[in-house]
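Below is one structure, written out as structure tokens; comments come after it.
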Amino acid sequence: MLRLLPLLLLTGFALEIATIVWVGGALGLLPTLLLLLGGGFIGVSLIKAAGTSVLGALRSPVQTATPMQGVGEVAVSRVLSGLLFLIPGFLSDIFGILVLLPPVRRWLRSKIRVKTFSSATAPERRYDRVIDAEAIEITADIGPAEHEGTSKP
């Protein structure tokens with residue numbers, strides 16, 4: 001599969017260019033450019049919305065002691081969809097729309113597994129070496145260092 005990746009990428013880029021040319025021939029230059037720019041703006045707004053939702057979800061459990069459930073899946077799908085919208089072309093936009101649909105998200109989640117762990121189940125770390133130190137605060141002004149061989153006037 002990894003050996004086919006360059007061929008798949010080239011095929012995908014060729015299909016994207018072909019769809020841009022086809023849509024450009026059907027709609028004209030200006031509407032096609034506006035659609036491509038609109039896709040870029042949608043992509044940026046999706047990525048921004050994903051970051052904002054994660055930030056709000058991280059802030060919420062601290063303030064209200066409610067758990068974050070399902071926020072990561074939605075945020076990842078928004079970022080992936082946003083990245084697909086940022087790719088110039090219309091096929092990637094279609095895939096970006098599909099990634100936002102819950103059935104497609106569930107299917108992707110069933111195909112991609114990520115190992116996670118909870119800090120509550122992680123074993124406690126034990127450190128064998130303890131370094132005991134004492135801090136000394138220096139309050140006097142320290143002037144520039146004097147070099148050997150220089151004399152004071």
- [ ] Would you check if L36 and I20 make a side-chain contact, meaning some heavy-atom pair closer than 4.5 Å?
- [x] yes
Open item on the list: Return the CD1 to CG distance between I42 and L37, rounded to the nearest 0.5 Å.
Closed with: 11.0 Å
Open item on the list: So, taking the atom named CG in L8 and the one named CZ in F13, what distance separates them when rounded to the nearest 0.5 Å?
Closed with: 11.5 Å
Open item on the list: Can you tell me how far apart CG (L15) and CG (L91) are? Round to the nearest 0.5 Å.
Closed with: 6.0 Å
TODO: Kindly determine whether F85 and S81 satisfy side-chain contact (heavy atoms from CB on, under 4.5 Å), including the steps that lead there.
DONE: CA-CA 6 Å; F85 269 103; S81 179; 3.7 Å; yes
TODO: Indicate, with yes or no, if L80 and V74 share a hydrophobic cluster defined by side-chain heavy-atom contacts under 4.5 Å among Ile, Leu, Val, Met, Phe, Trp and Tyr.
DONE: no
Task: L5 and L2: CA distance, side-chain angles, deciding distance, side-chain contact (heavy atoms from CB on, under 4.5 Å) verdict - done: CA-CA 5 Å; L5 187 62; L2 195 57; 4.3 Å; yes
Open item on the list: If you define the side chain from C-beta out and look only at heavy atoms, does anything of E16 sit under 4.5 Å from S92?
Closed with: yes
Task: Shared hydrophobic cluster, I87 / V99 (ILVMFWY, side-chain heavy atoms < 4.5 Å) - done: yes
Open item on the list: Hydrophobic clusters here meaning ILVMFWY residues chained together by side-chain heavy-atom distances under 4.5 Å, can you tell me if F41 and L83 are in one?
Closed with: no
Open item on the list: Restricting to non-hydrogen atoms, name the atom on A50 and the atom on R78 that form the minimum distance, rounded to 0.1 Å.
Closed with: CB-CB, 3.7 Å
TODO: Indicate yes or no for a side-chain donor-acceptor contact from R105 to the backbone of S77 under 3.5 Å, with no hydrogens or angles considered.
DONE: no
Just distance, no hydrogens or angles: give the donor-acceptor pairs under 3.5 Å from side chains in residues 131-138, sequence neighbours left out.
none

- [ ] Any chance you could measure L27, atom CG, to L33, atom CG, to the nearest 0.5 Å?
- [x] 11.0 Å
- [ ] Report yes if some heavy atom in the side chain of D93 is under 4.5 Å from a heavy atom in the side chain of L84; otherwise report no.
- [x] no
TODO: Determine whether I47 and L86 make a side-chain contact, defined as any pair of heavy atoms from C-beta on separated by less than 4.5 Å.
DONE: yes
- [ ] Report yes if the side chains of I94 and I97 come closer than 4.5 Å at any heavy-atom pair, otherwise no.
- [x] no
Task: Any F90 side-chain heavy atom under 4.5 Å of T32 side chain - done: yes
